[in-house]
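All chains are named by letter (A, B, ...) in the order of the sequence lines, taking the proteins before the strands, and each is independently numbered beginning at 1.
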Amino acid sequence: MGSVGAKEIPQLITPDGRRIDGRLPDELRQLRIVAGPLHRADGSAYVEWGLNKVMAAVYGPREVHPRHLQQNNKAIVQCKYNMAAFSVDERKRPGLDRRSQEISKVIAEAFESVIFVEEFPRTSIDVYIEVLQANAGTRCAGVVAASVALADAGIPMVDLLPSVAVGKVGGKICLDLKKEEDNFGEADLPMALVPQSGRLVLLQMEGHMTRDELSQSLDLGVKGCRSIYEVMRAALREKYSVEPSAATPAAAGVGQ
Amino acid sequence: MGNGQHARHRGHGREGRPSSSNSDRVVVLPGDEIPSRGLRPGVGTYRTDGRIYASVLGLVRESPPFIKVMPLSGRYIPHAGDVIVGIVTDVQGTFWLLDIAAPRWAPLHMTGTPWKIDFGETGNYLHVGDSVVVAVEQIDETGRIGVTMNGPELGKLEGGTLFTVSPAKIPRVIGRGGSMIQTITEATGCQLRVGQNGRVWADGPPDGIRRVHETLVMIETEGQRRGLTERVERYLTSSAPTGPELPWTGPPRSATLDEALPRPESLDDGPGDDIELSENGA
């Protein structure tokens, strides 16, 4: 990837309409999800999405620290999105930065709108998202991982929250951008969908698009979210299947 | 809570006991629509536009007039009457704060103990880190939990080892009428105390403790499958020095205060972990 320097912009769409990794514009990268890999957290999930690797852990509902953040009528949702120092080509300076704070905030707000927070007054539901390896679309991978982790933690919510980014690359609207497309493309539009109601609870945009392209992107993104939803559900079903076929103890995992 | 058309309470524990009816073992996920069959939305469900959906991951149960979802995971939600194991996290003038693995801590007032204590003497009886068996007296709508140590089988735990299992699996650890506890006690020579909040205390010979741990892991991993009791009995009566092949879940979990702290960086896991994507990913 280091070879893709700033010197020349790579050809992002081949003449036959394929992308640099051979995908069609409406094709997702390979997505694999494991529910409950961590035993210390109340719920957890691991996501490999293309070259992204993301781990999410959920704790709570639990006592709020510091106390003054506590809300008397509902639980608060706190999210910490963090990229590991080794998650990108050049070492990332560890710790909070503007970008991770923003992502943490929008993800927390997205989840707050689907979790039944009124059920747990004066408590906190803490979501930790650790990006181990990044290749564009980590906030979406983080939302997907966190959502599976929340379900694994038994937290009541309206629905799982599939998420994907759509972008404009070489003049074409493409689903699920990878790093080069994100870097050299014209626009990036991450979103998260509540499949049960069809509501979008996270939507951001970077770059430029026409109105038509935007609505086209939204349609494509919603379609993408629906297929991601199925993968998320399959991962949870695998962990919690009650069939005797759970002969592989590894698949069942020891919850918490 | 309580103001919407869907009065929703969550609960598991004793109700969650996978009792005689194994018929409808359908795992639902949040957002799954549940055919209502004229029933009203109960625990673990919600209703919008006249349709009922699951709000938690669990098994659908019909208990007219409600249809509910029994969660398969999640924190302990207290109910009055539950016997639980708490860990002292704070000592105040007239009460102790207990971590009971629930969403909130529970105060144990000094009048709720068998001791006669003067103000400020609480620290002479229980210290931070001590484990106690208490009963839930009441819960109010704000989630405040009242617990007491007055009662049979309640009191401070001395020595022993604490394990943590998912509260959803506690009915399996207890067994029908306490049969599983009895089986384990007899086979390992360990004393057991089981809290509804997922904490299991054991005391006895070191080898017995090890076997208790392995049994608990077994129940937690395979608790959903049928014939659990037989398998546990077979394991416990077999004189095999080492247990069946079980996924390594880390050292015995003696719950301490720092367990409640977030440690997202501790991504370490023993061998035999379940992240082997190559197996499941195909």
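- Shown here for A:A153 and B:S73, the closest heavy-atom pair between the two residues is C-OG, 4.0 Å.
- Heavy-atom distances place the backbone of B:A102, and not its side chain, under 4.5 Å from chain A.
- Pairing each heavy atom of B:S55 with each of A:F116, the nearest pair is CB-CE1, 3.6 Å.
- Note on A:H65, A:K74, A:M157: by heavy-atom pairs under 4.5 Å with chain B, the leading option is A:M157.
- Under the side-chain contact (heavy atoms from CB on, under 4.5 Å) rule, A:P156 has a single partner from B:T45, B:V43, B:V56, which is B:V56.
- Chain B forms more heavy-atom pairs under 4.5 Å with one residue of A:V158, A:L160, A:T123, A:V114 than with any other, namely A:V158.
- The closest side-chain heavy-atom distance from A:F120 to B:R75 is not below 4.5 Å.
- The CG atom of B:L72 sits 10.5 Å away from atom CG of A:D152, with the distance rounded to the nearest 0.5 Å.
- You'll find the side chain of B:D99 stays beyond 4.5 Å of the side chain of A:E63, heavy atoms only.
- Two residues are said to be in side-chain contact when any heavy atoms from C-beta on lie closer than 4.5 Å; B:L59 and A:Y240 fail this criterion.
- In this structure, A:D42 CG and B:Y76 OH are separated by 15.0 Å, a value rounded to the nearest 0.5 Å.
- Enclosure of atom CZ in B:R40 is not indicated, since only 12 or fewer non-hydrogen atoms of other residues, nucleotides or ligands lie within 6.0 angstrom.
- Residue A:K92 places its NZ atom among more than 12 non-hydrogen atoms of other residues, nucleotides or ligands, all under 6.0 Å distant.
- Atom CD of B:E230 sits in a crowded spot, with more than 12 heavy atoms from other residues, nucleotides or ligands closer than 6.0 Å.
- Here the CZ-CD distance, from B:R51 to A:Q196, works out to 9.5 Å after rounding to the nearest 0.5 Å.
- B:L29 places none of its side-chain heavy atoms less than 4.5 Å from the side chain of A:M232.
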